[in-house]
Protein chains: 2
Amino acid sequence: MPDHRTGGGDPAHTLRLLWRQPDDAPRRGPRQGRSLDDILTAAITLADAEGLAAVTMRALAQAVGVAPMTLYTYVPGKAELLDLMLDAIYAGMPRPDRSGAPWRTRVVAVAADNRNLFATHPWAAEVATGRPPLGPGQLAKYEYELRAFDDTGLDDVTRDAALTYVLDFVRAAARSATEARSAQQESAWTDEQWWTANAPLLTQVLDERRFPTAVRVGAAAGAAQNAAYHPDHAYEFGLARVLDGLGVLIDAGPGAND
Amino acid sequence: MPDHRTGGGDPAHTLRLLWRQPDDAPRRGPRQGRSLDDILTAAITLADAEGLAAVTMRALAQAVGVAPMTLYTYVPGKAELLDLMLDAIYAGMPRPDRSGAPWRTRVVAVAADNRNLFATHPWAAEVATGRPPLGPGQLAKYEYELRAFDDTGLDDVTRDAALTYVLDFVRAAARSATEARSAQQESAWTDEQWWTANAPLLTQVLDERRFPTAVRVGAAAGAAQNAAYHPDHAYEFGLARVLDGLGVLIDAGPGAND
DNA sequence: CAGTAACTTCGTACATTGTACAACGTACTG
DNA sequence: CAGTACGTTGTACAATGTACGAAGTTACTG
């Protein structure tokens, strides 16, 4: 009896899929016409091209060339599909040997790797992963990225926290960038149009006496960054702060170096 | 003709709602039975109690005591409703005078205020705000929080970036906490159940030779933090790093102090 | 004071989503 | 060869946001 419980009903099954562990029972009936990876490749391509919202079971089925319900013989449900997509793109990330470089260089590179991931697959930053899928991609990624903190003198618990801190930063930056981009596209208003349309009410309401700092700083920030530039700037600024913050922790340690 | 365009079709209208600017045209027809704030209060209560997913137009209408479609005379659509909810809770945040305290104290307090906001209204961290709703709550919040960087010597552009950096950190931490919590609830599996159910496959697959660092660090991190404690720890660790990172920037400035 | 226009309220309806269910055919097991 | 487990698919259902139009209510216009 096929087990199509609602999303996440059977974590053991998802784990078997993540690790591509074939069901040990002898297979009867017709063989499957596609592979799990066929499904995942199509899903990732679809998500890359048209966003996570475009990945509906029907659209995916059409891309794969099967009926919608057929997908459920490959994947227990949509939640598991997303987990598998995520693990697949994790598995494909580059992992060059950087063991010679100082820790700052390595951490910058890890951040950049993740930033590139989110640039190629913006949807990845949106997928909720409360209990992250412990697949081979996720694990290889974790293993590799932990190595960025080799020779920093951090104990294991702190090392995990430091990595989480860096990754959460990059992910948040990616989400902000995506939100800004989609807000602009969805509304179909350029920033200029928006401002001229709302200027009358805004000038009336943005009282410099009530909000002196906000008006001044907002104007300065808005002028300095034409909106397109903003996400990049936020990333650069934030990454510098992240490194400085970790630097205080690491370089203060006993016999700190690198 | 009432204008019910699809979400975000008319930003000027949303602005008028945010600032409670009454339509200047003379009102004909029956007066509305509720106020916009009635709607928002009900929506926020609903979201606080049952999550953002529970805020459907039908459920909200029932809570307010009207038919679903009636809501559209108060609000152009669901997207605008969310913007208004967000601005409303921003408006309600505490803003005590902390002008005497050193900047670190002020920034810690700002972070804590936001953390409390997300503790009370977890849904707020999930609402996408590409172009943030420039309402009175948002603006008062921005004005107040920028003041945390008074006397730090930061120029206006940097001050905005620094605040964004702090707020994005808190928001990311809140999202992680929410994701972890909901993953646990949805699956209805305790962590213990999950581990014992998956131990057979995991021990087979978590090869210490392939993933030596990951297995060791993961075990250490898992042991140090029983899962319930994890979000708090990540927040404390991250906030310390955020402050250190800003400290390098601020205390290095010309005539730096406070 | 009558007529009209603007406005609120709401019932119905539609497209879209994930996925449960059952029918049907296929291939392996006994 | 019979039985059974499985792959594939058509149909169907509940839930969502919201478009549309009817019905009723109020204020402005002449």
Side-chain angles (χ1 to χ4, degrees), chain A residues 1-10 13 17 22-36 38-39 43 46-47 50-85 127-128 186, chain B residues 1-10 13 22-36 38-39 43 46-47 50-83 85 127-128 186:
Chain A
M1 198 185 312
D3 187 19
H4 292 165
R5 308 275 194 74
T6 321
D10 184 2
H13 186 198
L17 287 174
D23 214 333
D24 46 352
R27 320 297 286 153
R28 258 182 245 201
R31 218 147 300 153
Q32 290 187 313
R34 331 277 145 152
S35 71
L36 176 56
D38 288 341
I39 312 289
L46 193 56
E50 310 190 39
L52 199 54
V55 183
T56 68
M57 298 305 267
R58 284 169 237 261
L60 177 56
Q62 185 161 31
V64 175
V66 298
M69 287 312 293
T70 303
L71 295 176
Y72 289 89
T73 65
Y74 296 85
V75 157
K78 190 169 186 183
E80 291 80 357
L81 171 70
L82 294 175
D83 283 347
L84 288 161
M85 290 167 64
V127 177
E186 276 174 29
Chain B
M1 199 184 311
D3 188 19
H4 292 164
R5 308 275 193 73
T6 322
D10 184 1
H13 187 196
D23 213 334
D24 46 352
R27 321 296 287 151
R28 256 178 247 202
R31 218 145 302 153
Q32 291 186 313
R34 331 276 146 153
S35 71
L36 176 56
D38 288 340
I39 311 290
L46 192 56
E50 310 189 40
L52 200 53
V55 183
T56 69
M57 298 305 267
R58 283 168 237 262
L60 177 56
Q62 186 160 31
V64 175
V66 298
M69 286 312 292
T70 302
L71 295 176
Y72 288 89
T73 63
Y74 296 85
V75 157
K78 192 170 185 183
E80 291 81 356
L81 171 70
L82 294 176
D83 283 346
M85 290 167 64
V127 177
E186 277 173 28

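Letters A, B, ... are given to chains in the order of the sequence lines, protein chains preceding strands, and every chain is numbered from 1. Everything numeric here is computed off the predicted structure, so don't read it as measured data.
- In this structure, Met85(A) and Ala47(A) approach most closely via the heavy-atom pair CE-CB, 4.0 Å.
- Between the CD atom of Gln62(A) and the C1' atom of dT16(C) there is a distance of 15 Å, rounded to whole Å.
- Residues Leu82(A) and Leu52(A) are in side-chain contact: their nearest non-hydrogen atoms beyond the backbone lie under 4.5 Å apart.
- The shortest heavy-atom contact between Gly65(A) and Arg34(A) is O-NH2, 3.7 Å.
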Quick one: side chains of residues 53-64 of chain A, donor-acceptor pairs under 3.5 Å with protein atoms, not counting sequence neighbours, listed by atom name and distance.
from	atom 1	to	atom 2	distance (Å)
Thr56(A)	OG1	Ala59(A)	N	3.0

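- Computed from coordinates, the Ile39(B) CD1 to dT9(C) C1' distance equals 12 Å when rounded to whole Å.
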Check nucleotides 25-30 of chain C for protein N or O atoms closer than 3.5 Å to its own N or O atoms and list the pairs.
from	atom 1	to	atom 2	distance (Å)
dC28(C)	OP1	Arg31(A)	NH2	2.8

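- In this structure, Gln32(B) places its CD atom 14 Å from C1' of dC10(C), rounding to the nearest Å.
- Note on Tyr72(B): every side-chain N or O is 4.0 Å or more away from OP1 and OP2 of dC20(D).
- Listed for the Asp38(A) side chain is a donor-acceptor partner under 3.5 Å among the backbone atoms of Ser35(A).
- Side chain of Gln32(B) to main chain of Thr73(B): a donor-acceptor pair is present (N/O by atom type, distance under 3.5 Å, no hydrogens or angles).
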Return the polar atom pairs (N/O with N/O) between nucleotides 9-16 of chain D and the protein under 3.5 Å, or none.
from	atom 1	to	atom 2	distance (Å)
dT9(D)	OP2	Ala67(A)	N	3.1
dT9(D)	OP2	Thr70(A)	OG1	2.6

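- The two residues Pro76(A) and His13(A) make their nearest non-hydrogen contact at CG-ND1, 3.6 Å.
- Across Leu36(A) and Tyr74(A), no two heavy atoms sit closer than the pair CD1-O, 3.9 Å.
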